[in-house]
Amino acid sequence: MKGYLGIDVGSVSTNLVFMDENGEIREAIYLRTRGQPIFALQEGLRQLAERLPANTIVRGVGTTGSGRYLAGIIAGADVVKNEITSHAVAASTLVPGVQTILEIGGQDSKIIILRNGVVTDFAMNTVCAAGTGSFLDQQAARLNIPIEEFGKLALKSTVPVRIAGRCAVFAESDMIHKQQMGYSLPDILAGLCEALVRNYLNNVGKGKEILPPVVFQGGVAANAGMRRAFEQALGLEVHVPPHYNVMGAVGAALLAREKMAGGGTSRFRGFGVAKTRFKAGGFECENCPNLCEVVEITREGEVIARWGDRCGRWSNSLGYQENAV
Amino acid sequence: MKVTFPHMGHMWICLSAMLEYLGVEVVVPPPTSKRTLTLGARHAPEFACLPLKLNLGNFIEAAERGADTILMAGGCGPCRFGYYAQVEHAILEDLGYNYRLVVMEPPQKHVGELLSKIKYITGHSSWWEVIRGIRFGYQKARMVDELERRAHYLRPRESHRGSTDKAFKRALQEIIAVKHPRDLPQAGERVRRIMAGVAIRPRPVLRVGIVGEIFTLLEPFANHDLERRLGYLGVQTDRSIYLSEWVNDHLFLGLVRGLRSRKEACRAAPPYLNHFVGGHGQETVGSTVMYARQGYDGVIQLLPFTCMPEIVAHSVLPGLSTGLGIPTLTITVDEQSGEAGLVTRLEAFIDLLARKKGVV
Ligand code: SF4
């Protein structure tokens, strides 16, 4: 089998997909990053190699997410793209004609506006709409319901309670208050979903024209309560695509295919890198008062990449030129 | 008297040239760095904007090098900048610094007001000399601006990553080293030759206009080296205000002819923004309109967090952007700004422009 590898290394999760030449997603892996992006990536590659047939050929690799440069160096990427472009490419391929993408992950929220298949506008969370995914996880844990049940329970609600959702601290104390007043759990959960959707639309979606078809993706899209809250707030149908929680990786794979369409060999280092010893280290440069925190990636003890310096003193010393679009 | 002033990009080069030519002892603050920001943010009110914090840090660091007099611009209108000089001075006094303060208010009707302030600092210089000194500083500003424009052109086209910046640094030294107006033309020649040595290769580039609040436009530390980053992403930038234009508009009352001026920008702003809103709010809107008309691929607006005039402009941009079909991106900076978020937004914005134009 031949195909393309898409890798999305985020602060919360690390996702990998393998897409065959027809654009079919053959394998998808979702792992927690747990603050160890290199380890998560290597683990992901190891699992992927196990699941794929032995004669698999990787024709191109794309990386995205906040760890895209790191992942690009370790895996040997042909294309390194930001998460907004990757998500947009994935959504518009899976849902042709999409005009609005609502994306809520563990730590990040964003909205992407497309017209005629081209991104025309986007916004990422301001501080307050960040961490919606983590907040839902926390609340589910506090109420002692499995996160998978959260959405189903919320859908049972007939009269959602109004929760003050401006910030997580208010929302939590208001929920506790409403529980004590005796409201039913489904009504409270549905109310929370509505509050988070309001918050998202006010902070991230502010000033944007939300036209259908609307796609809702990212880990939080699993929550049926959130989906219904969006549909009610927008008065529009909201689609959740099949690979909603690995769309960044899907986009990266699609971008890799686009990049390699003209031919050429992939820079992929092979699945063997799962066994190579990589280390991300770093130091504070004391050469000037900027005190830059320089990140340093070593492979088997040899420095292969550096970044984080304002002046180029360290990054240019290796002739490292990965950050071109 | 040892005179210092806040950093704003390369402004220090022309200010020192002028003052030193007039025999004033100058203490240039160390280049704005993380330390400057830390010092400034520690002692400034939290909700003051980034320029105040960086100014304050500059003054504290300059005092460490013996400065005792601050030369600072004033201002008027709904923007807080007008009383920054006073506020900063008061904070410095509370911290135990003994600074003398000289504020150059923008002249209301006559350039003579400005001349007399400069004459006050230089003391014994004749009027004629003062004018020559100002002219010297101003010529350097023009040269530096020219150099920057050249760098904006070269960066996205350079064959070797970093070669423009290397040449730029060397060329800047040539300008800095000039001590007398008569040596400027030869220095100009050398600068041109240095920049001509940067190898380029033809490739499609995007053109992006940068608008917004003057300090964040001019000070690379405040805007995270925006222009350089964009250059590396394959973008040729143009800044809506360069130092020499700003000086001409605000201190010389437009005396120098043939320069781009704020008046054109303000004229282009209606119907999106019909009146003065303080700071450079109206210019931001007007310049965006002008960039759209000139066929630029996009516009980036820069502002310090809580900057009122730019917030007004920001609220006008979405309508303008749809109306004229030019994508805009707003970047707000303060001492909390993270680099990763900025990079992602920039890359996404540039991708958007590239895909729209079909130059991926
Ligand atoms: S890397 Fe460069 S800018 Fe950063 S602290 Fe070192 S010398 Fe200064």
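Worth knowing before you read on, the calculation uses all heavy atoms, side chains too, and leaves out hydrogens, waters and symmetry mates. In what follows, chains are A, B, ... by sequence order, proteins preceding strands, each numbered from 1.
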Please look at [X] and chain B and tell me whether the side chain, the backbone, both or neither of the residue comes under 4.5 angstrom of a heavy atom of that chain.
X	answer
S66(A)	neither
V119(A)	both
L114(A)	neither

Q. In Å and rounded to the nearest 0.5 Å, what is the CG to CD distance from N116(A) to Q99(A)?
A.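 Atom-to-atom, N116(A):CG and Q99(A):CD are 7.5 Å apart.
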
Q. What part of L37(B) gets closer than 4.5 Å to chain A, counting heavy atoms only: side chain, backbone, both or neither?
A.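 Neither part.
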
Q | Contacting moiety of P220(B), where chain A heavy atoms sit under 4.5 Å | A |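 Backbone of P220(B) only, per the 4.5 Å heavy-atom cut-off to chain A.
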
(Q) Quick check on F305(B): does its CZ atom have over 12 non-hydrogen neighbours (other residues, nucleotides or ligands) under 6.0 Å away? (A)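 Not more than 12 within 6.0 Å, no.
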
Q.
Students often mix this up, so state it plainly: with edges at 30° and 60°, are the rings of F283(A) and W314(A) parallel, tilted or perpendicular?
A.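 Judged by the thresholds at 30° and 60°, the geometry between F283(A) and W314(A) is perpendicular.
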
Q: Identify which of P327(B), S315(B), S33(B), P318(B) forms the greatest number of heavy-atom pairs closer than 4.5 Å to chain A.
A: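 The candidate making the most pairs under 4.5 Å is S33(B).
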
Q. Would you say R229(B) and V343(B) make side-chain contact, with heavy atoms under 4.5 Å?
A.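 Yes, at least one pair of side-chain atoms sits under 4.5 Å.
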
Q) Are F221(B) and L50(B) side-chain neighbours, meaning at least one heavy-atom pair lies under 4.5 Å? A)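 Result no, sub-4.5 Å side-chain heavy-atom pair not found.
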
